[in-house]
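Below: one structure, written as structure tokens.
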Amino acid sequence: MTPIDPATALLPRFRDALGRAFGEEHAGADPMVRRSDRADLQVNVALGLGKKLGQPPRQVAEALVKALQVDDLVERIEIAGPGFLNMTLRADWLGAAADRALEDDRLGVPFAEKLDRVVIDYSSPNVAKEMHVGHLRSTVIGDALARTLGFLGHTILRQNHLGDWGTPFGMLIEHLLDLGESASAEVSVGELAAFYKAARSKFDSDPGFAERSRKRVVSLQGGDAETLRLWRILVDASQKYFEKVYALLGTQLVREDVCGESFYNPRLQPLAEELEREGKAQIDQGALCLFVPGFKNKDGSPLPLIVRKADGGFGYAATDLAGVRYRVGELHATRILVVVGAPQAQHLAMIFAGSRACGWLPENVRCEHVAFGSVLGTDKRMFRSRSGESARLIDLIEEAIDRARAEVEKRWPDIDPETKASMAKAVGVGAIKYADLSSDRVKDYVFDLDRMVQFEGNTGGYLQYAHARPRSILRKAGEDRPAGKISPTEKAERALVLELLSFGATVQAVGETLEPHRLCGYLYNLAARYNEFYDQCPVLKAEGEVRASRLRLCALTARTLEQGLSLLGIAAPDRM
RNA sequence: GCGCUCGUAGCUCAGCUGGAUAGAGCGUCGGACUUCGAAUCCGUUGGUCGCCCGUUCGAAUCGGGCCGAGCGCGCCA
């Protein structure tokens, strides 16, 4: 099928022309077809090539244009400045491409050329601990990437690396016993912070309790049935709570995706023994260490991954190594994404390098740390609630929904409560997720509810509104799938079509770079182009073919926005 | 001390992997509703791209050095 995206469609044409004009060895060069503010597309290849060939770039550009066969696609092509090619595309080609997108359930987005089995490790909250904004980032970014890569045809294996094992469980289980098992109910409704804190303070102040806790850890690790039963109660209660948060957020994680630290526990001892036996790791100061070349600590001495602690226990390095090994060896991943905060960059780099050195991570398996920055308050410091503690994620979500509800209330006082509630949820949750996804993930970002729930600028609400507008028109027209042909003639129509056609290229870029903010930026531009079109080009008042064309533009815009938002994990209500 | 990340308009952010005069939104000020829903649109204001060198036809983008902010650097995750 001919590509929907004009830049993609032009690529082979330019390769051919480059080969014809300058020899086959240049046919592989990237012609650098880019969007431009002074033409539909511009091509920059002549400048660099001129240098290489020792010819004036303008002359190269002329020869290139002469060899080019693009009459079916390009209306006009001009050489400008030092050798830029400015291209105006044919309106009939643009219209036909838009029509093809509209007729296709994938909106013309091609599948990825090489299909991967992608393991995505994200969300990963801790049992018996509150979810906070850090988990929001991992959850929202990971979910968006999972959806996007899935749409591109990759097989997605979600892994929720739950913090469900380790020494804290001694005190948590003992605390549960003190309160009585019925107390687990309070854990499932989100009193996790209080539960954890109470256990912690008892552990610090009551030596008897601390002693019981330590013993309990031993029984837990020894596999004592009763201890495991109690542990399971805590894990289940927490999972119920997490699932409530996921449901509120619309996150696609389910219980089957949970593959927590406890899962790896039985694998750690054999892993350590193997490393020791094969001489890959050495005992140093009592601990079994895997030294990864290139990593140093403060005094310049080699920095190890501590596989087994001096006391015989296992830390997170062991678990993470086992994780890579499992994902490659048993899940057969060809690409692994770990969505955790940027501060863990060094640790993960060591895990990946160590796994490669041990032969658990072959060269052809991509393994990437999808790093993200911290969430800051409006004071530019780490985000806290007013009381100074790290704010509960669920409270923030609910506050966003409340604010959205107030807005809906103001504008649609008469609609039924059920619709009102679902609108408020879509808008409130969408606002939070969009704010998280719309800026470069590696940077810190400021969590400002006031800004997020607005509808102006690059916000979730603006996009949702831009989607609801064409839906409303289609509803009025009574045509869900308007027939006819798209033929862009007005300036606003051309600009809208041009934007619509690069949806696929944008989605592919997100799949490569793992940067959802590119999709956000694209959708924001699309929404803006649509709103301009809406302002300048009457649809329902138009007649005949013009009306049909515009109705189809509405339909394609609505579907593209809906699909794009869906890849971000954001709802697109038909009205709002 | 070493390493990683970041520094773009008063504020919040883009800048498509080196291309033409650096773009949005908010804010300021001023316009457009007997509406295909104005949660919108149009105009106005505003930047020495932290600083200095270098690479080149061309640098916010690449390299080096400073300045500033944040994070990490052996048994927590």
Side-chain angles (χ1 to χ4, degrees), chain A residues 32 34-38 42 44 47-48 50-51 56-57 80-84 86 124 126 163 166-168 261 284-289 294-311 313-317 319-320 340-347 349 371 373-374 376 378 380-382 407-408 410-411 427 435 438-440 442-446 448 451 454-459 461-462 464-466 468-470 472-477 502 505-506 509 513 517-518 520-522 524-525 528 531-532 534-542 550-551 554 575-576:
Chain A
M32 296 199 278
R34 302 284 137 87
R35 295 289 291 277
S36 167
D37 52 345
R38 41 187 87 196
Q42 69 170 274
N44 305 329
L47 289 88
K51 180 79 178 174
F84 298 104
N86 285 337
S124 311
N126 294 314
T167 46
E261 291 168 355
D284 190 281
Q285 295 171 39
L288 183 65
C289 296
F295 294 90
K296 297 177 167 53
N297 54 42
K298 283 181 195 174
D299 56 9
S301 61
L303 179 67
L305 281 170
I306 294 185
V307 179
R308 192 180 56 223
K309 299 188 285 184
D311 67 3
F314 296 101
Y316 64 123
T319 312
D320 286 349
V340 308
Q344 292 202 49
Q346 190 189 40
H347 167 70
S374 308
L376 307 178
T378 42
K380 290 280 210 163
R381 309 183 51 167
M382 290 289 278
E407 289 295 315
V408 173
K410 215 160 59 187
R411 295 182 161 91
V427 173
S438 59
S439 65
D440 189 353
V442 80
K443 296 189 189 177
D444 295 349
Y445 87 103
V446 176
D448 183 355
R451 201 185 288 272
Q454 287 185 331
F455 297 88
E456 294 87 30
N458 193 5
T459 61
Y462 180 85
Q464 288 171 323
Y465 179 60
R469 285 184 112 179
S472 166
I473 288 183
L474 292 166
R475 220 171 18 247
K476 279 221 167 82
S502 46
T506 305
T513 63
H517 81 281
R518 289 172 185 256
C520 296
Y522 167 80
Y524 175 59
N525 281 330
N531 279 328
E532 286 154 25
Y534 178 92
D535 198 57
Q536 289 159 36
C537 304
V539 179
L540 296 177
K541 287 175 189 160
R550 290 179 179 170
L551 274 174
C554 287
R575 50 198 305 178
M576 61 177 279

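The chains referred to below are lettered A, B, ... by the order of the sequence lines, with proteins before strands, and numbering in each begins at 1. The basis for the numbers below is simple: all heavy atoms, side chains too, and nothing from hydrogens, waters or symmetry mates.
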Heavy atoms only, 4.0 Å cut-off, all strands: where does A:Thr513 land among base, sugar-phosphate and nothing? base

Heavy atoms only, 4.0 Å cut-off, all strands: where does A:Gly373 land among base, sugar-phosphate and nothing? nothing

Ignoring backbone atoms, test whether A:Arg469 places a side-chain nitrogen or oxygen under 4.0 Å from the OP1 or OP2 oxygen of B:A38. yes

Distance below 4.0 Å between A:Lys443 side-chain N/O and B:G70 OP1 or OP2: no

Taking B:G19, B:A14, B:A38 as options, the one with an atom nearest any side-chain atom of A:Ser439 is B:A14

Nearest-Å distance once atom P is located in both B:G7 and B:C11: 15 Å

Could you check which nucleotide pairs with B:C73 in any of the strands shown, counting Watson-Crick or G-U wobble with both distances under 3.5 Å? B:G1

Length of the CG-C1' vector between A:Asn126 and B:C76, whole Å: 11 Å

Would you check if the side chain of A:Thr459 reaches a backbone N or O of A:Gln454 as a donor-acceptor pair within less than 3.5 Å? yes

Determine the contact category for A:Ala80: base if any of its heavy atoms lies under 4.0 Å from a base atom, sugar-phosphate if only primed atoms, P, OP1 or OP2 are that close, otherwise nothing. base

Ignoring backbone atoms, establish whether A:Tyr465 has a side-chain N or O less than 4.0 Å from OP1 or OP2 of B:C41. no

Identify which nucleotide among B:C13, B:G19, B:G72 has an atom closest to any side-chain atom of A:Pro343, counting heavy atoms from C-beta outward. B:G72

Counting any heavy atom closer than 4.0 Å, what does A:Cys520 reach on the DNA or RNA strands: base, sugar-phosphate only, or nothing? nothing

Which part of the nucleic acid, if any, lies within reach of A:Glu261 when heavy atoms closer than 4.0 Å are counted: base, sugar-phosphate only, or nothing? sugar-phosphate

Rounded to the nearest 0.5 Å, how far apart are CG of A:Asn531 and CZ of A:Arg469? 4.5 Å

Rounded to whole angstrom, note down the C1' distance from B:U55 over to B:G63. 7 Å

What interatomic distance, in whole Å, is found between C1' of B:C42 and the corresponding atom of B:C33? 14 Å

Report which part of the nucleic acid A:Asp299 touches: base, sugar-phosphate, or nothing (heavy-atom distance under 4.0 Å, all strands). nothing

How long is the line joining OH of A:Tyr445 and P of B:G70, in whole Å? 20 Å

Go through B:U17, B:C41, B:C6 for me and flag the one nearest to the A:Glu532 side chain. B:C41

Polar side-chain contact A:Asn86-B:A20 base: donor and acceptor under 3.5 Å: yes

Within the 4.0 Å heavy-atom criterion, would you say A:Pro304 contacts the bases, only the backbone, or no part of the nucleic acid? base

What nucleotide among B:C13, B:U40, B:A39 has an atom nearest to a side-chain atom of A:Met576? B:A39

Mark yes or no for a side-chain to base donor-acceptor pair under 3.5 Å between A:Asn297 and B:G74, with no hydrogen or angle criteria applied. yes

Measuring from atom CG of A:Asn458 to atom CZ of A:Arg451, what distance do you get when rounded to the nearest 0.5 angstrom? 11.5 Å

In whole Å, what separates the C1' atom of B:C75 from that of B:U12? 42 Å

Looking only at atom P, what distance separates B:U34 and B:A38, rounded to whole Å? 11 Å

Heavy atoms only, 4.0 Å cut-off, all strands: where does A:Ala287 land among base, sugar-phosphate and nothing? base

Spacing between A:Tyr524 atom OH and B:C13 atom C1', to the nearest angstrom: 11 Å

What does A:His347 touch in the nucleic acid at a heavy-atom separation under 4.0 angstrom: a base, only the sugar-phosphate, or nothing? nothing

For A:Lys296, which contact category applies under a 4.0 Å heavy-atom criterion: base, sugar-phosphate, or nothing? sugar-phosphate

Between B:A60 and B:U44, how far apart are the C1' atoms? Round to whole Å, please. 26 Å

Gap between atoms CD and C1', on A:Glu456 and B:U28 respectively (whole Å): 15 Å

Test for a donor-acceptor pair under 3.5 Å between the base of B:A77 and the side chain of A:Tyr316, counting only N and O atoms. yes

When the P atoms of B:G50 and B:A14 are considered, how many whole Å apart are they? 14 Å

Using the C1' atom as the reference point in each nucleotide, state the distance between B:G54 and B:G70 in Å, no decimals. 28 Å

In terms of base orientation, is B:C33 syn or anti, with the syn window spanning 90° either side of 0? syn

For A:Cys289, which contact category applies under a 4.0 Å heavy-atom criterion: base, sugar-phosphate, or nothing? base

Regarding the side chain of A:Asp284, the nearest nucleotide among B:G74, B:C13, B:C76 is B:G74

Straight-line distance of A:Tyr524 OH to A:His517 NE2, nearest 0.5 Å: 15.0 Å

Using a 4.0 Å heavy-atom cut-off across all strands, classify A:Phe295 as base, sugar-phosphate, or nothing. nothing

For a quick test of reading the model: is some side-chain N or O of A:Arg518 closer than 4.0 Å to OP1 or OP2 of B:A14? no

Is the phosphate of B:C16, meaning OP1 or OP2, less than 4.0 Å from a side-chain N or O of A:His517? no

Contact class for A:Gly521 vs. all strands (heavy atom < 4.0 Å): base, sugar-phosphate, or nothing? nothing

Between the base of B:G23 and the side chain of A:Asp37, is there a donor and acceptor pair under 3.5 angstrom? no

Between B:G74, B:A20, B:C16, which one does the side chain of A:Ile306 approach most closely? B:G74

Select one nucleotide: of B:A39, B:A38, B:C73, the one nearest the side-chain heavy atoms of A:Tyr534. B:A38

Mind checking if A:Val446 touches a base, just sugar-phosphate, or nothing, with heavy atoms under 4.0 Å? sugar-phosphate

With a 3.5 Å cut-off and just heavy-atom distances, do the side chain of A:Arg38 and the base of B:U21 make a donor-acceptor pair? yes

